[in-house]
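Working notes, structure below.
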Amino acid sequence: MLEQELKTFVDGTTNYFEVAAQQAASIGSPYLVTKGKPGVHDFTGVIQISGKREGVVYFTAPRAMLTVLLMKMQETDFSNETMRDLVGEVANTISGNARRDFGRDFVISIPSVMSGEQVDIPMTGDMRPFVIPINWRSHSAKLVVALK
């Protein structure tokens, strides 16, 4: 993955938090995972990518972060279903914004949302996942981009 392509996802992530939470998130240094799959938090929204590029983009966050994010959005429902909707929305928004930069051949799926630690991310061995660490308030999450 090229640095400019990765920057598209970094910019999309910071933009999401600035708009949705009215409070910027800081982004740590993206890094490449060389063995295995990156770990996940309590809730994970996965977007499958097809077309000219193939792979997955997923946003994973702990319940505490999502709760505060929902409060900032003036939402009062903190059920598992609302948490799942939120991680799907974040993953979908960031991927959808990336599609503007990559063009119509960057096809995104409807988000699939998972919860718990036993999440099965659809990744093959030839995908090289980049992790983009996200720090917002006192919480940490990550966006993972694995494209070939």
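Scope of the values below: all heavy atoms of this structure, side chains included, with no hydrogens, waters or symmetry mates.
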Taking the side chain as C-beta and beyond, is there a heavy-atom pair between [X] and [Y] under 4.5 Å?
| X | Y | value |
| --- | --- | --- |
| Gln48 | Ser50 | no |
| Ile47 | Val56 | no |
| Arg137 | Lys72 | yes |
| Phe59 | Ser95 | no |
| His41 | Lys142 | yes |
| Pro30 | Val10 | yes |
| Tyr16 | Glu89 | yes |
| Thr67 | Met83 | yes |

Can you tell me how far [atom2] of [Y] sits from [atom1] of [X], rounded to the nearest 0.5 angstrom?
| X | Y | atom1 | atom2 | answer |
| --- | --- | --- | --- | --- |
| Ile134 | Thr13 | CD1 | OG1 | 4.5 Å |
| Thr8 | Arg100 | OG1 | CZ | 10.5 Å |
| Leu66 | Asp85 | CG | CG | 11.0 Å |
| Glu5 | Glu3 | CD | CD | 11.0 Å |
| Ile132 | Leu6 | CD1 | CG | 4.5 Å |
| Ile94 | Phe17 | CD1 | CZ | 7.0 Å |

For the student: nearest non-hydrogen atoms of [X] and [Y], plus distance:
| X | Y | value |
| --- | --- | --- |
| Met127 | Gly55 | CE-CA, 3.5 Å |
| Lys35 | Val33 | O-CG1, 3.4 Å |
| Ala21 | Leu69 | CB-CD1, 3.4 Å |
| Ala24 | Trp136 | O-CD1, 3.5 Å |
| Asn135 | Ser140 | OD1-OG, 2.9 Å |

For [X] and [Y], indicate whether the former's side chain and the latter's backbone hold a donor-acceptor pair under 3.5 Å.
| X | Y | answer |
| --- | --- | --- |
| Arg84 | Val113 | yes |
| Lys37 | Pro129 | no |
| Asn92 | Pro111 | no |
| Arg53 | Phe106 | no |
| Thr60 | Val40 | no |
| Thr93 | Val90 | no |

Suppose we call two aromatic rings close when their centres sit under 6.0 Å apart. Are Phe9 and Phe102 close by that rule? yes
Worked check of side chain to side chain contact (heavy atoms under 4.5 Å, CB included) between Met73 and Leu86: CA-CA 11 Å; Met73 299 168 133; Leu86 181 56; 4.1 Å; yes
Hydrophobic cluster membership, with links at side-chain heavy-atom distances under 4.5 Å among I/L/V/M/F/W/Y: are Val107 and Leu147 in one? no
I'd like to know whether CG of Leu32 has more than 12 heavy-atom contacts from other residues, nucleotides or ligands below 6.0 angstrom. yes
